[in-house]
Amino acid sequence: MSLSIDDVKKVARLARLAVTEQEAQTAHAQLSGIFGLIGEMRAVDTAAIEPMSHAQDVVQRLREDRVTEHDQRELFQSVAPQVENGLYLVPQVIE
Amino acid sequence: MINASLKQLSAQLAAKKISSVELTQLYLDRIAALNPDLNAYITVNPELSLAQAREADARIAAGKAEALTGIPIAQKDIFCAKGWLTTCGSKMLHNFVSPYDAHVIGQFNNAGAVNLGKTNMDEFAMGSSNETSYYGPVKNPWDKTRVPGGSSGGTAAAVAARLCAAATGTDTGGSIRQPAALCGVSGLKPTYGVCSRYGMIAFASSLDQAGPMAKSAEDLALLLNVMAGFDERDSTSLQREREDYARDLAKPLNGLRIGLPKEFFAEGLGNDVGLAVQAAITEYKKLGATVVDISLPNSRLSVPVYYVLAPAEASSNLSRFDGVRYGYRAPEYVDLADLYEKSRAQGFGTEVKRRILIGTYVLSHGYYDAYYIKAQKIRRLIAQDFSNAFKQCDIIMGPTSPSTAFKLGEKGDDPVQMYLSDIYTIAVNLAGLPGMSIPCGFGENAMPVGLQIIGNYFDEARMLNAAHQYQLATDWHSRAPQGL
Amino acid sequence: MTWEIVIGLEVHAQLSTSSKIFCGASTAFGAEPNTQADAVSLALPGVLPVLNKGAVERAIRFGLATGAYIAPRSVFARKNYFYPDLPKGYQISQFDLPVVGNGQLVIQVPAQGNSPAYEKTVCLTRAHLEEDAGKSLHEDFHGMTGIDLNRAGTPLLEIVSEPDMRSAAEAVAYAKTLHSLVRWIGICDGNMQEGSFRCDANVSVHKSGTPFGTRREIKNLNSFRFLEQAINYEARWQIETLESGGTIRQATVLFDPDKGETRMMRTKEEAHDYRYFPDPDLLPLEISEEWKERVRATLPELPQARQARYVSELGLSVYDAGILTASREMADFFEAALNEAPGHAKMCANWLIGEISAQLNRDGLDIAQCPITPQQLGGMLKRIADNTISNSGAKEVFRTIWTEGGEADAIIEAKGLKQVSDSGAIEVLVDEIIAANADKVAEYRSGKDKLFGFFVGLAMKASKGKANPAQLNEILKRKLAG
């Protein structure tokens, strides 16, 4: 499974990262090296192995359905790039 | 004073030989003098620190001091601390003053510790040399042309240069242990789930774990006593009885079975590092321990597995940085997609973007099974290697890093070489086990070497015991770089 | 061969918890923007999700109510995409291991034109827990969009049906039944204006006997009427497209209620690579047999069971029983009224389905807002049943209660509506009429039966409408016979 420059551009688009042609080229060369390393996994027979998502074999703890948070809008919006009337502003969204 | 242990500092504070304000000021002065060169801190805020110190003095005067009350602790800039600039080493968060405290920060605050400042780190903890920080590389106090390791490089350098009494780090693939090794300090990554991840900016959620970095194992135990603890806001935080991690420090090591994984002493290990580690093992035998040869056959795959799983989780964890609610927003954009793409392209550095690309790719349609699921399966094999090994031994030892600190810029163009510098530490995160690194000598160019100690789940007290007994018998941990 | 329409629905039911699915922020509707967006809702750096027990419990209720499989172990996954109303850049949802699987719902499809009403079973593929997104407000902020994240993190149960429906009418019947059920079992308030119950419809067309066609998904239909209009428009459009030689491409479309049309969303194709993977911040959700049984014990009698009971125990028709169990409020109203007037189920049903429903309709009210209480209705039914009032008297009582309130007995008393059931008094009255109308009596006796109504009218008038009609008929018949 080799990675093409187009793959790099497609993935960058999915990840919402603007890349120049030059950056795509560099990334492509480096990613190919990394995927060479990752490719070592292929040699292992894992047919009967369960995937491991968590370090501990524990189950989800549940919280009681209670409101514990209060309004901190002013504090939270003090670090926002652009707000108006309590709303976060972004360029117009068209569906 | 700057070489004193936490216990000694606490005694001095209690005896009113020094106040917390004086102690804090002493460190702030050292930082003012030395940090411009070392770059170990991203943010110091004397006003906030001294305010906490004054509160600590009042608490000490009121007779309500705890072990760390009044002691200046540096915090890795990955921990959200209310009112503090919290950058995670990234331009993306260059203006993010956290509106809340991480659980770990809250624990230190409750204990009356003083937040001395926020330490430099690889951007979003992605790096092994501290060179990916937006705020510039940290220099290794032992040789300023060399890296301190990463990602907790600022913390390691600050401890080594005595720019704090102790500090925190986080470890996703070796980010506490490797810089501890490269800077000649002690560092501990606890069992996954022992310290809450709440408020610790996520890199790879299933691997990230906070831990202490300090001058000695004894100090680590006192710090872990404060940092550890159940937190209901983190689903992966473990509900366990509180324990005193210092309880076993004084135990003799007679009969301790040390496992030496043959894979950790094979090709790729620097000669100087190997010699120092072997000497440490010899010392352990003198202290009454026995040695068993073990094997971790799948550990060689830990780097490839890690470079699938960690970027996959990271690519998703870092999606929230979009220039909408906080953090960096590109100054110019034509529409929403442009806002996202430019803010993220400009706000993230090269290494972070590289890992986002890797992670996005391995999760994308058509590759998920071949990469992500495959890596999770091998992750299980790696974890099973350890559980098999712990049937034969109580503790595992080996090198922390294959080499001592390398030169700044030396591995800059070759991510694969950089990634391989974590070859001995990553497997521990994949398994979720506790691991630590303590100084065990010096290698080429008189640079420190770290001994890695890996314990079974929740065996931190035993590891600290082993480290402390070694530190009673040797003085590598109390060596400090000259000229600072 | 004719075209067949194939429809599957995905319904997002907002679960009626007080706090959000992964944090303790309030879910109350209508708050000032972003005042219920806490650190977790905003996806501040470093925050983490913890699952709300109330949301899981509601999913279990739904699974039990639809006879579904409730997974002893299910997993939360991240669905990754960028959108400003999605603060984390991913939605926490469930992917390959949902909490509920394989249920079913029996629906009553009403009669239409010449085709009679019928019953149909729709299979449910799955139902999974996930978080809602925030809202984008498009009113002009200098050409920008405002983002309100109060709703972000509100718990949703996404209920996915099999493509079992074959007409817009079936889809609407399914949606209504589901809407009624989620309210019945108390997991969702069903408020469609506030977006608590939203439908997406997957629509395709094909010729019977051939494989299913390519489907298009109509997003965010928030009324049953729009659901019906959108499906009909979409199906017609697909058929016309195919008949004119075109092809259908898989797409997501929006319904424009003003134009009555569907149109493509401006979403890029690649945006559909959601890169699902298990959320490492959350552990597997386990639901024990014991928890399931505890929840089962708190479930009310379900609509289908009640409907069957009304038929078998109360002798109602399937149709009437179906209407009475269309909502829990209606069924509870019915039972409370019946409790006041035991043994008169049919009469009670007739009043509810007839007069009361008509009045409610006229006044634009639903049963929960009915000005008459079940006790008031029952009080009146009792008086109809024991012949205290006639039907016309009952209508008067009903109107009075509706507009002015009060109890039936007091109204009957005050308005003198009590009907005369004293047979002696009626006989006197009838005798007088016979005596005063000898010619008409003769005509009647000679075979002019139709005159009977004339005598009834006279007698009623003479009694000021209060004579018990059955008694009056009986006495008149006897006396006229001579």
Side-chain angles (χ1 to χ4, degrees), chain A residues 1 3 7-8 10-20 23-24 26-28 30-31 33-56 58-63 72 74-83 88-94, chain B residues 95-97 99 191-193 206 232 235-236 238-239 298 300-301 303-305 307-308 315 322-327 329 333-342 344-345 348 353-354 356-358 360-361 364 367 370-371 373-381 383 414-416 419 431-432 457:
Chain A
M1 277 175 284
L3 188 76
D7 287 335
V8 173
K10 191 176 155 230
V11 166
R13 165 77 196 139
L14 262 180
R16 298 294 184 273
L17 290 170
V19 285
T20 62
E23 286 167 333
T26 313
H28 176 246
Q30 288 172 332
L31 293 189
I34 295 162
F35 277 96
L37 179 73
I38 289 171
E40 289 174 22
M41 296 194 313
R42 261 179 294 169
V44 189
D45 177 11
T46 51
I49 314 294
E50 268 297 297
M52 176 174 167
S53 296
H54 293 282
Q56 302 285 335
V58 282
V59 301
Q60 180 61 36
R61 175 165 33 81
L62 302 172
R63 40 169 281 272
Q72 296 189 79
E74 205 176 320
L75 174 64
F76 291 149
Q77 295 195 337
S78 66
V79 292
Q82 200 177 358
V83 287
Y88 294 93
L89 292 195
V90 296
Q92 196 122 57
V93 177
I94 305 155
Chain B
N95 57 357
F96 181 69
V97 176
T191 306
Y192 182 85
S206 78
E232 60 182 12
S235 295
T236 62
L238 298 167
Q239 267 170 305
N298 293 291
R300 68 189 168 81
L301 290 162
V303 176
V305 166
Y307 279 95
V308 170
S315 71
D322 59 4
V324 175
R325 297 165 314 286
Y326 47 77
R329 176 184 278 204
Y333 43 85
V334 297
D335 58 17
L336 180 66
D338 201 39
L339 165 72
Y340 282 156
E341 294 192 350
K342 288 210 173 101
R344 289 167 60 79
F348 291 139
K353 285 191 265 190
R354 182 151 52 225
I356 291 175
L357 292 177
I358 298 170
T360 305
Y361 183 74
S364 63
Y367 302 103
Y371 290 119
I373 295 294
K374 183 88 183 177
Q376 281 200 325
K377 288 179 168 187
I378 302 176
R379 180 180 182 182
R380 186 170 300 280
L381 294 176
D414 189 351
V416 170
Y419 296 173
Y457 298 107

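Letters A, B, ... are given to chains in the order of the sequence lines, protein chains preceding strands, and every chain is numbered from 1. All heavy atoms count here, side chains included; hydrogens, waters and symmetry mates do not.
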Asks: Nearest 0.5 Å, what's the OH-CE distance between B:Tyr371 and A:Met41?
Replies: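 So the OH of B:Tyr371 and the CE of A:Met41 are separated by 7.5 Å.
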Asks: Of all heavy-atom pairs between B:Arg379 and A:Ala55, which one has the smallest distance, and what is that distance?
Replies: NH2-N, 3.9 Å
Asks: What's the spacing between B:Leu381 CG and A:Asp45 CG if we round to 0.5 Å?
Replies: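 Rounded to the nearest 0.5 Å, the CG-CG separation comes out at 9.0 Å.
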Asks: Counting heavy-atom pairs under 4.5 Å to chain A, which of B:Lys353, B:Glu232, B:Arg325 comes out on top?
Replies: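 With the most close heavy-atom pairs to chain A, the winner is B:Arg325.
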Asks: Who wins among A:Val83, A:Leu37, A:Thr46 for the most heavy-atom pairs under 4.5 Å with chain B?
Replies: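 Highest number of pairs under 4.5 Å: A:Thr46.
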Asks: So which of B:Asp338, B:Val324, B:Val308, B:Val416 has the biggest tally of heavy-atom pairs under 4.5 Å with chain A?
Replies: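 Between B:Asp338, B:Val324, B:Val308, B:Val416, the count favours B:Val324.
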Asks: Okay, side chain of B:Lys377, backbone of A:Val44: is any donor-acceptor separation there less than 3.5 Å?
Replies: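 It does not hold such a pair.
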Asks: For chain A, which of B:Gly432, B:Pro304, B:Ser206 has the most heavy-atom pairs under 4.5 Å?
Replies: B:Pro304
Asks: Checking A:Leu62 against chain B: side chain, backbone, both or neither under 4.5 Å from a heavy atom?
Replies: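 Neither part.
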Asks: Would you mind reporting whether B:Lys374 and A:Arg42 have side-chain heavy atoms less than 4.5 Å apart?
Replies: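 The answer is no; the side chains never approach within 4.5 Å.
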Asks: Please lay out, stage by stage, how B:Ile358 and A:Phe35 fare under the test side chain to side chain contact (heavy atoms under 4.5 Å, CB included).
Replies: CA-CA 9 Å; B:Ile358 298 170; A:Phe35 277 96; 4.0 Å; yes
Asks: Tell me, out of B:Asn95, B:Leu238, B:Val303, B:Ile373, who's got the most heavy-atom pairs with chain A below 4.5 Å.
Replies: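 With the most close heavy-atom pairs to chain A, the winner is B:Leu238.
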Asks: If you count heavy atoms of other groups shown closer than 6.0 angstrom to CD of A:Glu40, is the number above 12?
Replies: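 Enclosed.
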Asks: Of the non-hydrogen atoms in B:Gln376 and A:Ser53, which two are nearest, and what is the gap between them?
Replies: NE2-OG, 3.2 Å
Asks: Side chain, backbone, both or neither: which part of A:Glu50 has a heavy atom under 4.5 Å from chain B?
Replies: both
Asks: Search all heavy atoms of A:Ala18 against all heavy atoms of B:Ala345 and return the closest pair with its distance.
Replies: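 Of all heavy-atom pairs spanning A:Ala18 and B:Ala345, the closest is O-CB, 3.4 Å.
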Asks: Please walk me through it: do B:Arg354 and A:Leu31 pass side chain to side chain contact (heavy atoms under 4.5 Å, CB included)?
Replies: CA-CA 8 Å; B:Arg354 182 151 52 225; A:Leu31 293 189; 3.8 Å; yes
Asks: Can you name the closest pair of heavy atoms from A:Gln56 and B:Tyr457 and give their distance?
Replies: NE2-CD2, 3.5 Å
Asks: Looking at B:Ser364, B:Ala431, B:Gly193, which one has more heavy-atom pairs under 4.5 Å with chain A than the rest?
Replies: B:Ala431
Asks: Do you know which of B:Thr236, B:Leu301, B:Leu357 has the most heavy-atom pairs under 4.5 Å to chain A?
Replies: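 That would be B:Leu357.
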Asks: To the nearest 0.5 Å, what is the distance between CZ on A:Arg16 and CD1 on B:Ile356?
Replies: 12.5 Å
Asks: Which distance, rounded to the nearest 0.5 Å, do you find between the CG of A:Asp7 and the OH of B:Tyr367?
Replies: 5.0 Å
Asks: Can you tell which part of A:Ala27 gets under 4.5 Å to a heavy atom of chain B, answering side chain, backbone, both or neither?
Replies: side chain
Asks: Could you tell me which portion of A:Gln60 (side chain, backbone, both or neither) has an atom closer than 4.5 angstrom to a non-hydrogen atom of chain B?
Replies: side chain
Asks: A side-chain contact here means heavy atoms from C-beta on lying under 4.5 Å apart; do B:Gln239 and A:Val58 qualify?
Replies: no
Asks: Can you name the closest pair of heavy atoms from A:Pro51 and B:Arg380 and give their distance?
Replies: O-NH2, 3.0 Å
Asks: So how far is it from A:Ile34 CD1 to B:Tyr307 OH, rounded to the nearest 0.5 Å?
Replies: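 Between atom CD1 of A:Ile34 and atom OH of B:Tyr307 there are 8.0 Å.
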Asks: Between A:Ala47 and chain B, with a heavy-atom cut-off of 4.5 Å, which part of the residue counts as in contact: side chain, backbone, both or neither?
Replies: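 Interface part for A:Ala47: backbone (N, CA, C, O).
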Asks: Between B:Ser315 and chain A, with a heavy-atom cut-off of 4.5 Å, which part of the residue counts as in contact: side chain, backbone, both or neither?
Replies: neither
